[in-house]
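Here the structure comes first, spelled out in C-alpha cells, and everything after it is commentary.
Every number for a ligand or one of its atoms is a count from 1 in the order of the listing. The structure presented is a predicted model; accordingly, all values stated were derived computationally and were not measured.
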Amino acid sequence: MGSKAHIVLGIESSCDETAVALVTSDRRILAERIASQEKEHAPYGGVVPEIAARAHAERLAPMLEAVMEDAGLSLAQVDAVAATAGPGLIGGVMVGLVSGKALAMASGKPLIAVNHLEGHALSPRLADEALGFPYLLLLVSGGHCQILSVEGVRQYRRLATTIDDALGEAFDKTAKILGLGYPGGPAVEKLALEGDPEAVPLPRPLKGSKEPHFSFAGLKSAVLRAYESGEHKAADIAASFQQAAVDCLIDRLKEALGNAGPHPALVVAGGVAANKAVRGALESLASQHQMQFVAPPFKLCTDNAAMIAWAGCERLMIDPDFAGDPLNLKARPRWPLDPDAEAVRGAGVKA
Ligand code: KG4
Ligand code: ZN
C-alpha cells in the first residue's frame, strides 16, 4: 500500500441510525449518509428493536449505493469494508454486518468487524490529527458511561463504568417524564436553558466515592418524584437534572484522574458529548489539570458511520496487511472494550 491513503467503507446499524460513510486514512470524509429512525420510534418513547432492524434492512442497500455514487467510487477502489459487529441491538447489528460481509465477499476486500464503542473512542482522532495516545476518555452514550485510558488502537483500560444506567439513558428518561418525547437528550438540553439549575434539589449518586464509577438510577427516580410532586416547573427540573449529571461526571472524573496517572488530553465521545453544558464543564476540568481538551464535532458525537469507517482506517494503519475478519464472525450484543475489566457490583442491575 505504501504511503497511499486507505479508503474504507463504513456501515453503522447498532441502534436507531442507519449510516454509511466512505473515509480515508488521511482523515477525509468522502461521502456519508445517515437516516434517523426518530419518526418510527417516537410513538413508543424509545427504540423498538424489531422496528429498528426492519428499518435498517429497508434503508441500507439504497444508502450504500448512494454513498458510492456521491463519492464517484466503485467497490474495487475501496480498501476495506468496516461494519459495526456489536455491541448493540442484535437484529440491527446483524443487518449491517451481513451487508458488510456480502460486500467484502463480492469485492474480495477485507471485512473489518468494528466494535461500536471503539468507533466512538477513536472518533476524536478523525477530527483532530494532533490527538495522540494515550488519552483519558469519557465515553457517554445511550448505552454506556465509562472512563477509559485509550492507550492505542485496540488497547483500552477501563477505569470506571456505570453500576446501573448510562447517562444518555437518564437524559432520555428525564425527557420522557417531562413529556419532551424521543430522543430526549437534545430536548432536555434545550429546555434546561430556560430553567434554574439550583431550583430542584437532586442527588449526586456516588459523589465522593473512592472508586470512580457512576450511578444514575437514583437521579432518574428523583426526577420522577420531583415531577410528580407538582411543585416544580419542567424547565427547572431539566436544568437541575442536567446540573446534577454534570456534577457527577466531574466528581467521578476527578477521582479517575487521581488514579489514572498522567494523560496529556481529556477527551469526550458518544452522544451525550454533544451536550454543551457537559462539554463546558469538561473543558474547565481539563484546564484545571493542565490537560488538553478534545471533543469531536457534534455530528461525530452521536451514532454515525464515519467513526466506524475511521476505526477501520486505524486498524489498517496499525496492520496494513490485515487480511480481514472471518466472514463467519458473529454479531455481538455485548462486547466490552476492555475484556479484562472486572465486573462491578451492581452493574447490569437496572432500577
Ligand atoms: O452515541 P449515541 O448516538 O448512541 C449510542 O450508542 O447510545 O448516543 C445517544 C444518546 C441518547 O441517549 C441521547 O439522548 C444522548 O445520546 N444525547 C444527548 C444529546 N444528544 C444526544 N444527551 C444530552 N444532550 C445532548 N445534546
Ligand atoms: Zn453510539
Is there a donor-acceptor pair closer than 3.5 Å between any side-chain N or O of [X] and the backbone N or O of [Y]?
X      : Y      : value
Lys207 : Asp251 : no
Ser284 : Ala281 : yes
Arg33  : Ala21  : no

Could you find the nearest protein heavy atom to [atom] and give me its residue, atom name and distance?
atom                    : answer
atom 17 (N) of ligand 1 : Gly271 O, 3.6 Å
atom 18 (C) of ligand 1 : Gly185 CA, 3.5 Å
atom 4 (O) of ligand 1  : Asp303 OD2, 3.0 Å
atom 12 (O) of ligand 1 : Asp172 OD2, 2.7 Å
atom 24 (N) of ligand 1 : Asn275 ND2, 3.1 Å
atom 26 (N) of ligand 1 : Glu189 OE1, 2.7 Å
atom 7 (O) of ligand 1  : Gly142 N, 2.7 Å

If you measure only the distance, is there a donor-acceptor pair under 3.5 Å linking the side chains of [X] and [Y]?
X      : Y      : value
Asp16  : His56  : no
Asn275 : Gln242 : yes
Ser149 : His263 : yes

> Does NZ or CZ of Lys220 fall inside the cone over Phe241's six-membered ring, less than 6.0 Å from its centre and within 45° of the axis?
Replying inline: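 No.
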> For atom CE of Met63, is the number of surrounding heavy atoms from other residues, nucleotides or ligands below 6.0 Å larger than 12?
Replying inline: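 Atom CE in Met63 is crowded, with more than 12 foreign heavy atoms closer than 6.0 Å.
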Atom indices of ligand 1, in the order listed, that fall short of 4.0 Å to a heavy atom of [X]:
X      : answer
Thr302 : 3 (O), 21 (C)
Gly143 : 7 (O)
Gly168 : 12 (O)
His116 : 6 (O)

> Given atoms OD1 of Asp303 and NE2 of His120, what angle do they subtend at the Zn ion (ligand 2), to the nearest 10 degrees?
Replying inline: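 An angle of 100° at the metal.
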> Got a salt bridge between Lys233 and Glu194, using NZ or NE/NH1/NH2 to carboxylate O under 4.0 Å?
Replying inline: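 Glu194 and Lys233: not salt-bridged.
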> Looking only at heavy atoms, is any part of His120 under 4.0 Å from ligand 1, and if so is it the side chain, the backbone, or both, or is it neither?
Replying inline: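 Within the 4.0 Å criterion, His120 contacts ligand 1 through side-chain atoms alone.
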> Are any N, O or S atoms from His144 nearer to the Zn ion (ligand 2) than 2.8 Å?
Replying inline: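 Checking the Zn ion (ligand 2) against His144, no N, O or S atom falls under 2.8 Å.
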